[in-house]
Undergrad: 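Here it is, the structure, as structure tokens.
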Amino acid sequence: MTQSTAGTDRTVYWEKSSRKKSRARAWHRAAALCLTTALAVWGGGVPGAVAASEQQVSPKAYAPIDPQRMSDVMRVLASDAFEGRAPGTQGEERTVAWLIEQYQKMGLEPAGENGGWTQTVPLLRTRVGQPTVSEVRFLKQTLPWQQNKDIYVSTVRPVKQIALSNVPMVFVGYGVHAPERGWDDFKGVDLKGKVAVFLVNDPDFEATPQDAAYGRFAGRAMTYYGRWTYKYEEAARRGAVGALIVHDTPGASYGWQTVIAPGGEAFDIVRNGDDQPVLMQGWISGEAAEKLFAAAGLDLAVERAKARQTSFAPVTLKDATFSLKVPVQTENLKSQNVLAKITGAKQPDQSVMFGAHWDAFGTSTNAEGQMVMRRGAIDDGSGIAGVLEIARAFKAGPQPDRTVVFAAWTAEERGLLGSVWYATHPLVSLEKTAANFTMDVLQMAGPSRTAFMVGAGQNTVQEDVAAAARRQGRVMKPEAMPERGAFYRADHLPFARAGVPVVAMMDMAGYPDLLKGGVPAGKAWLEGYMACYHQACDAWSPDWDVRGAAEDVALLYRVGHDLAFSQKWPHWKQTSEFAAIRDASRATRGD
């Protein structure tokens, strides 16, 4: 997506392969499970069913959040006019203008740069073309690798092409260097001028009690060492020219279609100096990886097991050299965070922040060569809808004691780039930010008895949200699928790294226990949604029951409201990796 997309009359094709059709059908089947409950919101249907549904949950459970307005926001943001909301496109221009208009209509104040509504985020956008060379050579055979089928490569370097010729390949296991955990996969190996091959996730992701890695990286709960971003960063730090991660769906928490969904496009913030990323980054499909290791005389399954031991040492893939030649289009562009506020009446230099990301993936060509629009209705139109509802609720009440900031971040889907830029170029004091509340992917299947906390047990504001859930008559549980590493995948993370206590509301974190259908219905919804994650079928539906999402937004509003009218300072637990950062600024707050 290095060029602006066409106008709103552009014909947009849904993906038509049988696999995509089945995914779309799964999504609509899941949505159908909550249709009866949804009729209470949308009207019509069977009166008896609607009445029963309304008896199950009172609007007080999500007041003052309006599910209908949330749905309307998602419908607008996912419409053709916004073209999938890709940074640097006409879709961004329309999105930013629309968000500013909403802020203005509410009577909010601008919180951007120079008294405006936005903060400029300088980005590098790249897009690789079709490789003319992509292969691994051995003495007696050559493995051709097809982009999107066997391999997926991209770059975030400002180059005209990636040109690698007969580069050695080194398997580095999980590629983790964690002295505090007694773990080093590299053992001093020289990676300069080589391609590093990684396993995804942490060394203990598949570990058994007999493995040295067992429990060393929080078990199934992914740490930052398990994230693909860390592996690319580590390869760059060690001088590698390329980093390739072996894909497997359980370890990555998403399928190959999600890996290739960006269509060769990548983004980064504009960097200067020596902090340059690796030249080539990418993934190898599981099947291609097995063939690669076999050609090198290795068994991938055996090497996986070895990588779970502290004795693991990097393995140079015998007689294997990688060659790649692919053109790269590059463009420097300026994207926008969109920011509003209500200035505090008593402590205007202190703040509470609510945020979500406005961007999605725009339009691109899928693996079948068809043009698709990835609209991001739920990811993260739902979060933006939540931010706007919270802003509306605050504006309708008395002026808060502390300043309340409402943020719509750019380029989250490209690596949290908008929130990263803000956290390093803040427009309010982060030392005096009481908490950051982030919403990313809220469920559309109706009221639920449960909610899930991503990264539970790290700070006291999470406990406040759990208490608010109890007052709703709900139970807050720790995330059910910590192996997905959700805590490291949303816009709260840059603020946590800056020491700000955070709460991330992400309904991908577990199967909700729905009032209508229980956990089985919640599981059907989430599995249906995950089939559409980052795909064209993440599109708005009138069949949604948005009350479940509204309940979650109301939780954050109530806790944030309490903080905005208090002098309380939430804090990190001393067992959290972010506690020391916050503690260092304690004198600034006087807490």
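The basis for the numbers below is simple: all heavy atoms, side chains too, and nothing from hydrogens, waters or symmetry mates.
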Undergrad: Test your reading of the model: is there a side-chain donor-acceptor pair from Arg586 to the backbone of Arg582, 3.5 Å cut-off?
TA: no
Undergrad: Would you say the side chain of Val553 lies within less than 4.5 Å of the side chain of Ile390, judging by non-hydrogen atoms?
TA: yes
Undergrad: Could you go through His571 and Asp583, starting from their C-alpha distance and side-chain angles, then the distance that decides it, and tell me whether this counts as side chain to side chain donor-acceptor pair (under 3.5 Å)?
TA: CA-CA 9 Å; His571 62 267; Asp583 289 347; over 6 Å; no
Undergrad: Between Thr460 and Pro570, is any pair of side-chain heavy atoms under 4.5 Å apart?
TA: yes
Undergrad: Run the side chain to side chain donor-acceptor pair (under 3.5 Å) check on Gln443 and Ser448 step by step: do they pass?
TA: CA-CA 10 Å; Gln443 62 96 348; Ser448 172; 4.9 Å; no
Undergrad: Between Phe171 and Leu199, does a side chain to side chain contact (heavy atoms under 4.5 Å, CB included) hold up when you go through it step by step?
TA: CA-CA 9 Å; Phe171 174 58; Leu199 298 174; 3.8 Å; yes
Undergrad: Applying side chain to side chain donor-acceptor pair (under 3.5 Å) to Thr438 and Asp440, what does each step give before you reach the verdict?
TA: CA-CA 7 Å; Thr438 291; Asp440 198 344; over 6 Å; no
Undergrad: Look up atom CE in Met439 and atom CG in Leu442, then write down how far apart they are to the nearest 0.5 Å.
TA: 7.5 Å
Undergrad: Taking the side chain as C-beta and beyond, is there a heavy-atom pair between Arg489 and Ser253 under 4.5 Å?
TA: yes
Undergrad: By the definition side-chain hydrogen bond (donor to acceptor under 3.5 Å, both in side chains), identify the one residue from His425, Gln119, Glu113 that meets it with Asn337.
TA: Gln119
Undergrad: Other residues, nucleotides and ligands only: do more than 12 of their heavy atoms fall within 6.0 Å of OH on Tyr214?
TA: no
Undergrad: Do side-chain atoms of Gln462 reach the backbone of Gly457 as a donor and acceptor pair under 3.5 angstrom?
TA: yes
Undergrad: Starting at OG1 of Thr223, measure out to CG of Asp202 and round the result to the nearest 0.5 Å.
TA: 3.5 Å
Undergrad: Should we count CD of Glu287 as having more than 12 external heavy atoms under 6.0 Å?
TA: no
Undergrad: Between Met444 and Ile378, is there a side-chain heavy-atom distance shorter than 4.5 Å?
TA: yes
Undergrad: Under 6.0 Å between the ring centres of His534 and Tyr254?
TA: no
Undergrad: Check whether any side-chain heavy atom of Ile284 lies under 4.5 Å from a side-chain heavy atom of Leu292, and answer yes or no.
TA: yes
Undergrad: Tell me whether Asp204 contacts the main-chain N or O of Gly219 through its side chain, where contact means a donor paired with an acceptor under 3.5 Å.
TA: yes
Undergrad: Closer than 4.0 angstrom, basic N to acidic O: yes or no for Arg589 and Asp591?
TA: yes
Undergrad: Donor-acceptor pair, distance only, cut-off 3.5 Å: does the side chain of Arg374 make one with the backbone of Ala261?
TA: yes
Undergrad: Can you tell me how far the CD atom of Glu92 sits from the CH2 atom of Trp358, to the nearest 0.5 Å?
TA: 3.5 Å
Undergrad: I want to check something: taking the side chain as every heavy atom from C-beta on, are Leu417 and Phe267 in contact at a cut-off of under 4.5 Å?
TA: yes
Undergrad: Please check: side-chain N/O of Arg125 versus main-chain N/O of Thr330, any donor-acceptor pairing under 3.5 Å?
TA: no
Undergrad: Answer yes or no: is there a donor N or O on one side and an acceptor on the other, between the side chain of Gln309 and the main chain of Ala212, under 3.5 Å?
TA: yes
Undergrad: Go through the steps for Leu493 and Leu416 under the test side chain to side chain contact (heavy atoms under 4.5 Å, CB included), then give the verdict.
TA: CA-CA 8 Å; Leu493 180 61; Leu416 318 183; 4.1 Å; yes
Undergrad: Please report whether the ring centroid of Phe198 lies less than 6.0 Å from that of Tyr232.
TA: no
Undergrad: As a quick check of understanding, evaluate side chain to side chain donor-acceptor pair (under 3.5 Å) for Ser419 and Asp491, giving each step before the final call.
TA: CA-CA 6 Å; Ser419 54; Asp491 283 314; 2.5 Å; yes
Undergrad: Under 4.0 Å between a Lys/Arg side-chain N and an Asp/Glu carboxylate O for Glu265 and Arg414?
TA: yes
Undergrad: Between Tyr225, Tyr174, Phe217, Tyr488, which is the residue that forms a ring-ring contact (aromatic ring centres under 6.0 Å, His included) with Tyr230?
TA: Tyr225
Undergrad: With side chains defined as the heavy atoms from C-beta onward, is the minimum distance between Tyr533 and Asp538 less than 4.5 Å?
TA: no
Undergrad: Is the shortest heavy-atom distance from the side chain of Phe186 to the side chain of Phe312 under 4.5 Å?
TA: no
Undergrad: Quick check: does any side chain N or O of Trp572 sit under 3.5 Å from a backbone N or O of Gly499, one acting as donor and the other as acceptor?
TA: yes
Undergrad: Any salt bridge between Arg474 and Asp552, counting N to O under 4.0 Å?
TA: yes
Undergrad: Kindly say whether Val420 contributes a backbone atom to a donor-acceptor pair with the side chain of Thr424 at under 3.5 angstrom?
TA: yes
Undergrad: Taking the six-membered ring of Phe578, is the NZ or CZ of Arg497 close enough (under 6.0 Å from the centre) and on axis enough (within 45°)?
TA: no
Undergrad: By the definition ring-ring contact (aromatic ring centres under 6.0 Å, His included), identify the one residue from Phe354, Trp421, Phe495 that meets it with Trp409.
TA: Phe495
Undergrad: Main chain of Phe487, side chain of His492: is a donor-acceptor contact present, judged purely on distance under 3.5 Å?
TA: yes
Undergrad: Does atom NZ of Lys187 have more than 12 heavy-atom neighbours from other groups under 6.0 Å away?
TA: yes
Undergrad: Roughly how far, to the nearest 0.5 Å, is the OG1 atom of Thr316 from the CG atom of Leu191?
TA: 9.0 Å
Undergrad: What's the separation between atom CG in Leu555 and atom CG in Asp464, rounded to the nearest 0.5 Å?
TA: 11.5 Å
Undergrad: Measure up the Trp145 and Phe322 rings against each other and bin them: parallel (under 30°), tilted (30 to 60°), perpendicular (over 60°).
TA: tilted
Undergrad: Would a distance-only check, ignoring hydrogens and angles, find a side-chain to backbone donor-acceptor pair under 3.5 Å from Asp380 to Gly383?
TA: yes
Undergrad: Salt bridge check, Arg237 against Glu234: does any charged N sit closer than 4.0 Å to a carboxylate O?
TA: yes
Undergrad: Say you draw a straight line from OG1 of Thr310 to CG of Asp211; how long is it, rounded to the nearest 0.5 Å?
TA: 10.5 Å
Undergrad: Could you go step by step and tell me if Val172 and Val197 meet the side chain to side chain contact (heavy atoms under 4.5 Å, CB included) rule?
TA: CA-CA 6 Å; Val172 294; Val197 178; over 6 Å; no
Undergrad: Output, in order, the C-alpha distance, side-chain angles, deciding distance and verdict of side chain to side chain contact (heavy atoms under 4.5 Å, CB included) for Val326 and Gln147.
TA: CA-CA 10 Å; Val326 58; Gln147 175 78 337; over 6 Å; no
